[in-house]
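As structure tokens, the structure follows; a few thoughts come after it.
Here is how names work: the chains are called A, B, and so on, in the same order as the sequence lines, proteins then strands, and each is numbered from 1.
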Number of protein chains: 2
Amino acid sequence: MRNSIFKALAHPARRQVLALLRKGPRLAGDLAAEFESSWPTMSRHLAVLKAADLITAERHGNQILYRVNTSVLEDAATALLGLIGSDNGDDELKEAAE
Amino acid sequence: MRNSIFKALAHPARRQVLALLRKGPRLAGDLAAEFESSWPTMSRHLAVLKAADLITAERHGNQILYRVNTSVLEDAATALLGLIGSDNGDDELKEAAE
DNA sequence: TCGCTAATTAGTCTTTTCGCTAATTAGAGT
DNA sequence: ACTCTAATTAGCGAAAAGACTAATTAGCGA
């Protein structure tokens, strides 16, 4: 679902999560501590990112390790670049209307 | 202002507008005719894209010609690529070795 | 000025998103 | 089983987004 990807990218906190995960996988709590929002709020942001397949969750005992899903992020970037260049990438972005 | 860009990209109709404008500038009404939504609704979408500076409007007598602002779109794509972290691609070798 | 067309803005409503607190699940350790 | 910690889910209210109809602006031509 490409639409959910761009929707997920629409929130600054979620983009910042991706920026943090870019440097390496992190635990949910560790991640949440970086933000001012409450922990449940961050958990929801993570859920949105996960639903868009932009990140993956991996349980390690008591805690959950998140890592960025680079290929999906690449897809989004490619889709954007498709809007610029005149190469094919035409119906890349037309997804079912909501 | 970057946030408004990603927010603008969050709606499929708006991405499709950009896809149409990629092939060349178009009149507002001509553009609106491509969609099933009402004309005012499309006008709003165009306003959102314009507020994000993703498109520019140019009045030609009675009608308004829209064209895509490629550089801003490039900025967004670059921002996405920045989240992937391919500042230099050398890290890929490390990961492959693991 | 009047009428016509193109497009936006106003106003209202419904749906979605966001962020909080409180409650709940899940696992590890005792 | 009990408890502590990690994290999510539930539930609520506020804010924003989306889409519609109706009203309005802007420009052209007779």
To the nearest Å, give me how far apart CG (B:Leu27) and C1' (C:dT5) are. 13 Å
Between P on C:dC18 and CD on A:Glu36, what's the gap in Å once rounded to a whole number? 17 Å
Looking only at side-chain atoms of A:Trp39, point me to the closest of C:dA6, C:dT17, D:dA6. D:dA6
Between A:Lys7 and A:Asn3, does a side-chain contact (heavy atoms from CB on, under 4.5 Å) hold up when you go through it step by step? CA-CA 6 Å; A:Lys7 268 189 179 174; A:Asn3 191 45; 3.8 Å; yes
Per atom distances to the B:Lys7 side chain, the nearest of D:dG18, D:dT21, D:dA16 is D:dA16
Rounded off to whole Å, could you give me the NE2-to-P distance for the B:His11 and C:dT17 pair? 11 Å
Determine the stems involving DNA chain D; a stem requires 3 or more consecutive pairs of the Watson-Crick or G-U wobble kind, each with both distances below 3.5 Å, and the answer is none if no such run exists. C:1-30 with D:1-30
OP1 or OP2 of C:dT17 under 4.0 Å from side-chain N/O of A:His45: no
Between A:Asn69 and A:Thr56 (side chain of the first, backbone of the second, donor and acceptor by atom type, cut-off under 3.5 Å), is there such a pair? no
OP1 or OP2 of C:dC18 less than 4.0 angstrom from a side-chain nitrogen or oxygen of A:Arg14, does that happen here? yes
For B:Glu36, I'd like to know if atom CD has over 12 heavy atoms of other residues, nucleotides or ligands within 6.0 Å. no
Just by modelled atom types, is the A:Trp39 backbone N or O under 3.5 Å from a matching donor or acceptor in the A:Ser43 side chain? no
Taking the side chain of B:Ser43 as its heavy atoms from C-beta onward, which of C:dT9, D:dA16, C:dG19 lies nearest to it? C:dT9
Compare side-chain N and O positions of B:Thr41 against OP1 and OP2 of D:dG18 and report whether any pair is under 4.0 Å apart. no
Protein and nucleotides 23-30 of chain D: nitrogen or oxygen contacts under 3.5 angstrom:
none

Taking A:Arg14 for the side chain and A:Ala8 for the main chain, is one N or O donor matched with an acceptor at less than 3.5 Å? yes
Once you apply a heavy-atom cut-off of 4.0 Å, does A:Ser37 come out as touching a base, just sugar-phosphate, or nothing? sugar-phosphate
Give the minimum heavy-atom separation between A:Leu9 and B:Leu80, together with the two atoms involved. CD1-CD2, 3.8 Å
Verify same cluster id: B:Phe35, B:Leu49 (apolar side-chain graph, 4.5 Å): yes
Here the gap from B:Arg2 atom CZ to A:Arg15 atom CZ, rounded to the nearest 0.5 Å, amounts to 8.0 Å
Applying the side chain to side chain contact (heavy atoms under 4.5 Å, CB included) test to A:Arg26, which of A:Leu21, A:Ile64, A:Val17 qualifies? A:Leu21
Check the distance between C:dG29's C1' and A:Gln63's CD and give it to me in whole angstrom. 14 Å
Looking for any heavy atom pair under 4.0 Å, which part of the strands does B:Tyr66 touch: base, sugar-phosphate only, or nothing? sugar-phosphate
CD of A:Glu58 versus C1' of C:dG27: gap in Å, rounded? 16 Å
